Amino acid sequence: MSETTPSADTPDPRGKVPAPRHEPLSLPPAAMPAGPASDDIADDMKEAYWSIYDGAAAKATVGQILARLPRTVRQIGQLAWQADRRATVAVVVLQLVSAAMSAFGLAASVAVLQQLFAQGPTPDKIRSAIPQILLVVAFLSAQALLEAGVAVAQARVTPKIRTALESEFLRLTAHVRLEVVDDSDWHDDAYRANDRGLFYARQIVGQVVSLASAFLGLIGTASVLTVLHPLLLPLLPLSVVPVGAAAVRTARARFHSFRRWNAMQRRVRVFSWLLLDQYSAAELRADTAQQALLDEHHRLTSRIAEEDTRLGVSAALLTLAGRGLGGVGAGITYVALGAMLIAGWLPLAAGAGAVIAIQASRTSLTRFVDVAHLVYEHAMWVTDLLAFQERCRTLQPRRGKQVAPETVKAITLRNVRYTYPGKDSPALDDISLTLHAGETVAFVGLNGSGKSTCSRLIAGLYDPQEGSVLWDGVDAADLDTESLQRRVATVLQDPVRFPFSALANLTVSRGTLTEADPQRALDAARASGAERVIADLPGTWQALLSKRFRDGQELSAGQWAKIAVARGLYKDAPVLLLDEPTASMDPRAEHDVYQAVLRGKLRDDQITVLISHRLASVVDCDRIYVFDNGRITEAGPHQELMALGGDYAQMFTLQAAGYQTTSAASDSRTVHP
């Protein structure tokens with residue numbers, strides 16, 4: 001007897017078969033590159049969420065950078081003031097006095113030169129200059145002490161800024177509404193603020209202090225030049241502006257080069273990760289794909305080496321050009337200074353002091369330019385962090401309203417509608433149902449039919465966009481969101497694997513990692529099947545469930561599922577939502593969990609909602625709701641739905657037929673004596 005394969009036009013007796021493709025897939029090419037097809041790897045890399053401000057200073061004009069600096073200094077000053085007022089005042093005062101000491105030291109050095117070289121140095125003049133020399137030493141020593149004081153005060157305020165910003169950032173992001181977290185754009189913004197904003201918030205305080213030091217140094221040297229001779233001040237730009245221009249060009253080239261180099265590093269890290277990752281190791285070896293990845297890694301690292309060489313040569317040439325430009329400016333300045341000396345406008349001793357002041361100005365300006373570029377760019381990241389925090393403050397759940405009740409007799413969904421951001425069709429469309437205390441209900445249906453979305457509205461994780469969710473007649477929109485969420489225990493198919501102790505993995509459901517109700521924990525472990533898992537661990541309840549720790553334990557997916565069910569039971573909430581909780585369990589463990597949860601509930605007044613694709617597990621539920629495209633198409637107990645002969649009956653029959661077919665095939669292969 002020949003077997004026939006059902007065609008697309010002939011329905012399969014076990015259910016529907018997918019229609020054929022309208023456009024058949026063509027043959028793939030025999031060879032193609034492993035990555036971007038173009039020669040420029042950097043240009044083909046999509047800009048990462050955390051790199052959008054990298055190189056911003058290289059694109060800005062000098063005017064834009066200078067215009068933004070006062071705002072940046074004020075912003076960082078406000079953060080420092082909020083973190084530690086005394087330390088902030090100390091930084092400002094000590095920095096100002098240190099700059100004054102620097103200027104006084106320069107002025108004293110000039111006075112020493114004037115006294116030594118006025119009409120030629122003599123032993124008497126050297127002896128008479130000793131007090132001035134001691135004064136220079138005193139000023140320089142005072143400056144060193146003051147700078148140490150600035151460093152100490154800065155060390156006090158900087159960590160406090162980071163701690164305050166990080167604590168506020170995590171507090172806000174941990175509490176934003178769930179639908180916000182589901183938005184991928186928000187997720188990128190959050191990681192960017194965390195990775196870059198917090199990092200640069202710690203660095204920028206010291207950079208602003210360095211910027212202020214360089215700026216005050218410029219003012220000090222300019223003041224000394226003015227005292228020596230008013231005409232020396234116009235000479236200062238001739239020497240320092242070329243140096244500053246060269247510093248600007250060098251800084252911009254450095255930022256551009258880093259951006260390109262960083263893009264290529266991101267690409268090569270993909271291969272490094274695949275070669276080192278624990279989860280890809282088995283398949284990598286089974287496919288013997290190591291050499292293919294190593295070859296591509298070598299190709300990319302060779303390109304990076306070429307880029308490093310190019311950057312080094314470019315930097316050397318820019319440095320040479322900058323020094324040459326600065327030398328020309330300095331030459332012009334010194335020619336003008338020599339002309340003033342020849343004309344008798346300036347004494348020789350004052351000329352020597354002017355040279356020292358001009359050299360100090362060049363150093364201060366170069367430092368100012370470099371730090372200004374860093375401050376400009378890093379301030380963008382800090383501003384981005386603060387703007388993100390402000391945005392998160394508008395996305396917090398409802399607070400301060402009526403607290404959700406300790407127990408609930410009925411939860412009613414009335415004409416509820418919900419559509420995910422960016423989606424055209426609703427996930428839930430005009431859903432109405434009522435759940436009663438003491439009953440177990442099931443949500444079934446195909447993937448994407450709205451089951452999990454409905455459970456999240458019940459749990460207060462989402463708010464309906466139309467309609468209402470009522471707890472004993474009170475609209476959930478009038479209840480404090482977190483108090484409502486505390487009344488619901490949710491067990492998901494892919495639970496969080498907390499890297500804590502076995503006991504803390506249960507108690508975390510009640511908002512603590514350190515305190516437990518021993519009897520409740522043991523009851524939850526027994527009911528979920530986690531008792532044997534925990535008992536077999538070294539240290540039992542104290543065992544750390546993560547390989548990140550010494551002697552930490554790694555659990556299988558099925559064992560984690562039991563821990564998750566125990567966590568939900570430990571919460572002892574009036575509502576228990578089980579969203580495919582046993583998908584990774586073996587049949588016996590699954591049976592034990594359903595026996596405990598569906599037939600031997602720990603609370604008689606609990607509302608239990610089970611979401612499952614294994615319809616055999618929902619047979620004993622009091623009511624079953626069938627979801628399809630965001631709507632409830634059928635509702636009732638198992639026998640009633642089977643008699644109805646609708647979607648539920650068809651799905652149940654298909655699953656049952658699979659077991660029966662397997663059983664019949666096994667029987668047909670059995671050889672009887």
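Start at 1 with the first residue, then count along the sequence. Just so you know, these numbers come straight off a predicted model, no measurement behind them.
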Decide, yes or no, whether a salt bridge links D189 with R192 under the criterion of side-chain N to carboxylate O below 4.0 Å.
-> yes

Do R399 and D480 sit within salt-bridge range, that is, some charged N less than 4.0 Å from a carboxylate O?
-> no

Taking only residues two or more places apart in sequence, or in another chain, which ones meet L275 in a side chain to side chain contact (heavy atoms under 4.5 Å, CB included)?
-> L284, L293, L294

D84/R156 salt bridge by N-O under 4.0 Å criterion | yes

R85 atom CZ: more than 12 heavy-atom contacts under 6.0 Å | no

Distance (rounded to the nearest 0.5 Å) between I534 CD1 and Q542 CD | 10.5 Å

Around atom CG of D647, are there more than 12 heavy atoms of other residues, nucleotides or ligands at under 6.0 Å?
-> yes

Per the side chain to side chain contact (heavy atoms under 4.5 Å, CB included) rule, which among L435, I624, L610, V618 passes with V441?
-> L435

Exactly one candidate in L470, D430, V469 meets side chain to side chain contact (heavy atoms under 4.5 Å, CB included) with R414; the answer is L470

Only pairs at least two apart or in different chains count here, so list each salt bridge (Lys or Arg N to Asp or Glu O under 4.0 Å) that has a residue in residues 487-502.
-> E406-R487

Check for a donor-acceptor pair, side chain of T481 on one end and backbone N or O of R398 on the other, with a separation under 3.5 Å.
-> yes

Does E168 use its side chain to pair, donor to acceptor, with the backbone of L165 at less than 3.5 Å?
-> no

Shortest non-hydrogen contact between A535 and T540, atoms and distance | O-CG2, 3.8 Å

R177 bridged to D463 by N-O distance under 4.0 Å = no

Looking only at heavy atoms, what is the nearest atom pair of Y570 and S509, with distance?
-> CD2-OG, 3.7 Å

For K409, does the NZ atom sit with more than 12 other heavy atoms under 6.0 Å from it, leaving out its own atoms?
-> no

Side chains of D182 and H187: is there a donor and an acceptor less than 3.5 Å apart?
-> no

Taking atom types as modelled, is there a side-chain donor on Y420 or T453 under 3.5 Å from an acceptor on the other?
-> yes

Within the distance-only criterion (no hydrogens, no angle test), does the side chain of S432 pair as donor or acceptor with the backbone N or O of N415 below 3.5 angstrom?
-> yes

Verify whether the ring centers belonging to H378 and F199 lie closer than 6.0 Å.
-> no

Might you point out which heavy atoms bring C454 and L433 nearest each other, and give the distance in Å?
-> SG-CD2, 4.2 Å

Q655-H613 side chain donor-acceptor pair, cut-off 3.5 Å | no

Applying salt bridge (charged side-chain N to carboxylate O under 4.0 Å, His left out) to E634 and not counting sequence neighbours gives none

Atom CD1 of I76 and atom CD1 of I161: how far apart are they, to the nearest 0.5 Å?
-> 7.0 Å

Considering only NZ, NE, NH1 and NH2 on the basic side and carboxylate oxygens on the acidic side, decide whether E554 and K547 come within less than 4.0 Å.
-> no

